[in-house]
Amino acid sequence: MNTYDAIVIGSGISGGWAAKELTEKGLKVIMLERGRDIKHVEGYETATKDPWEFKHRGRLTQEQVKSHPVQVRDYPYTEFNEKLWVNDLDSPYTEVKRFDWYRGYHVGGKSLMWGRQSYRIGDFNFEENAKQGIGLDWPIRYKDISPWYDYVERFAGISGSNEGLPQLPDGKFLPVMEMNCVEKDVKKRIEAHYNNTRKMIMGRVANLTQPHNGRGSCQYRNLCNRGCPFGAYFSTQSSTLPAAMATGNLTLRPFSIVNSIIYDRQKNKATGVRVIDAETNQTMEFFARIIFVNGSTLGSTFVLLNSTSDTFPDGLGNSSGQLGHSLMDHHFKCGAQGTAVGYEDKYFYGRRANGIYVPRFRNIGKDKRDYVRGFGYQGGASRTGWQRDVAELAFGADFKEKATLPGPWKMGLGGFAETLPYFENKVTLDKTKKDKWGQSVLSIDCEFKDNEKKMRIDMMNDAAEMLEAAGMKDVATYDNGSFPGMAIHEMGTARMGNDPKTSVLNRWNQMHDVKNVFVTDGSCMNSAACQNPSLTYMALTARAADYAVSEMKKNNL
């Protein structure tokens, strides 16, 4: 009854893809999600509500603040989507150094709340570790993953433009969203000023610009983090889960906390998983020929570290000692903004769920800095609204008339920057602390170092320089500080490599030590690049699933 061809741990971006690919190839699959189920459309309880329909107009109660001490550190957690974020008191962790761990425990995981920026990484990124002697060389190159980028982009629906940039590979795109008038002029001026060595393009985003695979196009509401009833952005619920369910081969089991993976020493294989029912605390076991671990970087690493045995006393597949190490996240909240003059008779329409993107230009070609790697910018231009007048406490007819007029145009560029894979940035198990279900918790010891700090100076100054070159006035830089975890792009801890002595996974995301276990979420990453990483997880997952089924048919697993 509890035996399947494959088990998928987690239902987020990579878990959804694993379920889709494995079921479509004929396998009977159970997908285990530790949180509640959320049904597409009907489960997005706040998606169509107006601001005045919320009791606290988006603000949090003191009770919510107390139960979510980590989630309240930044903007994602609000009354508008508060049910999508984890209760920190139920699921604590230990911070050796500050690490902001933003999590959502429900079917779909963070695929319901992600920012949807979707960029490929290329040989420029795959080769840097080896060229610079940093971390471990990737065991794959762009040619290995390029067809899988094509494959997942065609299904997911990514809007964007092909630009021919070596540091940002092109893709299979739906029609690109349009820049507004200020952005168009800023683009022309920046590219002319820097002789096209710096480019400003429209963001490549997993929002549909036309109907696609039975899903509706983006309505330009920009309420994406509440769930999209139109299916206009890629999520497990809108895309991979319906495809998997259509095969008749998928069993979805929510409220299923995977505690550990069961290892059979005689067979040298994993035979299944131990699960805690999140509602009843009952423990049960499920069995399968192959296991895909897709619990998100830290969730997956917990499961692997917690899967101990005589053979693997330090965690499943950890003969290399690398499991839990080289944790990465992007650093951001740093850049510049300014005012655009001369556009007072211009406005924009709708709430475009996307911005502009400036691909990396530092440490490329002849450009050499006092740090390695680089950053890209995300941002955009818009006119300020009525809120600008609130602080003045004005009143009367003049105030009312002024409040109906749009304010000045503002343009901002915010950097997203690469972090190096430092071995000492790590997670371990803290057995002195327990979660609501009696499990040990993760201890996270991670920090940004000198290379990242040096980069942030350029992230500010370069943004200001570009905005001034584009004619912006009153340009001001900012650095609002960034701690690991804040970008919600956690990566690393189970890196890929050709040598089992120095890596956890091989080039197929397959465990060196336990051949029937595959890990295809962010934990597999050898370097972070500066691009948003989710599209890479999708491509690696589809690629690994294809390989796993092929190996199963050959009786190699």
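Everything quoted here is computed from the prediction, not taken from an experiment.
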So how far is it from [X] [atom1] to [Y] [atom2], rounded to the nearest 0.5 Å?
X	Y	atom1	atom2	result
Ile356	Met179	CD1	CE	6.5 Å
Thr23	Met31	OG1	CE	9.0 Å
Ser523	Leu304	OG	CG	7.0 Å
Arg369	Met455	CZ	CE	11.0 Å
Cys524	Asn509	SG	CG	4.5 Å
Ser159	Glu153	OG	CD	11.0 Å

Within the side chain of Ser146, is there an N or O that forms a donor-acceptor pair under 3.5 Å with the backbone of Tyr142? no

Do the side chain of Asn451 and the main chain of Val372 share a donor and acceptor less than 3.5 angstrom apart? yes

Using a strict cut-off of less than 4.0 Å between a Lys/Arg side-chain nitrogen and an Asp/Glu carboxylate oxygen, indicate whether [X] and [Y] qualify as a salt bridge.
X	Y	answer
Asp264	Lys269	no
Asp123	Lys143	no
Arg456	Asp458	no
Lys453	Glu447	no

Assess the residue pair Val303 and Val273 against the criterion (side-chain contact (heavy atoms from CB on, under 4.5 Å)); give the C-alpha distance rounded to whole Å, side-chain angles, the decisive distance to 0.1 Å, and a yes or no. CA-CA 10 Å; Val303 171; Val273 298; over 6 Å; no

Donor-acceptor pair between [X] and [Y] side chains, under 3.5 angstrom:
X	Y	value
Glu490	Tyr102	no
Asn125	Gln167	no
Ser443	Asp430	no
Ser260	Arg274	yes
Lys28	Asn249	yes
Asn259	Gln439	yes

Going by salt bridge (charged side-chain N to carboxylate O under 4.0 Å, His left out), name the pairs with one or both residues in [range], residues two or more places apart or in two chains.
range	value
residues 511-533	none
residues 194-205	Asp170-Arg204, Glu191-Lys199, Arg198-Glu465
residues 548-557	Glu551-Lys554

Working note: Phe416 + His489, criterion side-chain contact (heavy atoms from CB on, under 4.5 Å); need CA distance, chi angles, decisive distance, verdict. CA-CA 10 Å; Phe416 269 79; His489 293 167; 3.8 Å; yes

Determine the interplanar angle of the Phe375 and Tyr371 rings, folded into 0 to 90°, and report it as parallel if under 30°, tilted if 30 to 60°, perpendicular if over 60°. tilted

Find out whether [X] and [Y] are in side-chain contact, i.e. whether some heavy atom of one side chain is under 4.5 Å from a heavy atom of the other.
X	Y	result
Asn516	Ile291	no
Ile290	Leu22	yes
Leu420	Glu452	yes
Met177	Thr209	yes
Phe173	Ser161	no
Asn506	Met511	no

Would you say NZ of Lys501 has more than 12 non-hydrogen atoms from neighbouring residues, nucleotides or ligands within 6.0 angstrom? no

Are there over 12 heavy-atom neighbours, none belonging to Asp310, within less than 6.0 Å of that residue's CG? no

Which pairs pass side-chain hydrogen bond (donor to acceptor under 3.5 Å, both in side chains) with one or both residues in residues 3-12, sequence neighbours excluded? Ser11-Glu33

Give the C-alpha distance, both sets of side-chain angles, the deciding distance and a yes or no for side-chain contact (heavy atoms from CB on, under 4.5 Å) between Met525 and Ser326. CA-CA 9 Å; Met525 299 284 280; Ser326 305; over 6 Å; no

Go through the structure and list residues passing salt bridge (charged side-chain N to carboxylate O under 4.0 Å, His left out) with Glu418, not counting sequence neighbours. Arg373

All side-chain hydrogen bond (donor to acceptor under 3.5 Å, both in side chains) counterparts of [X], not counting sequence neighbours:
X	result
Ser118	none
Asn318	none
Lys97	Asp445
Glu95	Arg73

List the atom of Asn425, the atom of Cys446, and the distance in Å for their closest heavy-atom pair. OD1-CA, 3.4 Å

Residues 103-117 side chain polar contacts: donor-acceptor under 3.5 Å, at least two apart:
from	atom 1	to	atom 2	distance (Å)
Arg103	NH1	Ser91	O	3.3
Arg103	NH1	Tyr105	OH	3.0
Arg103	NH2	Ser91	O	2.7
His106	NE2	Gly109	O	2.8
Ser111	OG	Gly108	O	2.6
Ser111	OG	Thr236	N	3.1
Ser111	OG	Thr236	OG1	3.4
Trp114	NE1	Ser111	O	3.2
Trp114	NE1	Phe234	O	3.0
Arg116	NE	Asn207	OD1	2.6
Arg116	NH1	Trp114	O	2.9
Arg116	NH2	Ala353	O	3.4
Gln117	OE1	Tyr119	OH	2.4
Gln117	NE2	Asn354	OD1	2.8

Listed pairs under 3.5 Å, donor-acceptor, residues 534-549 side chains, sequence neighbours left out:
from	atom 1	to	atom 2	distance (Å)
Thr536	OG1	Tyr149	OH	2.6
Thr541	OG1	Thr520	O	3.3
Thr541	OG1	Thr520	OG1	2.8
Thr541	OG1	Tyr537	O	2.7
Arg543	NE	Asp144	O	3.4
Arg543	NH1	Arg507	O	2.6
Asp546	OD1	Lys25	NZ	3.3

Determine whether Met486 and Phe99 satisfy the following criterion, side-chain contact (heavy atoms from CB on, under 4.5 Å), listing intermediate values before the conclusion. CA-CA 8 Å; Met486 287 179 105; Phe99 187 96; over 6 Å; no

Can you tell me which residue pairs pass the ring-ring contact (aromatic ring centres under 6.0 Å, His included) test with a partner in residues 305-327, sequence neighbours excluded? Tyr263-Phe312, His325-Phe423

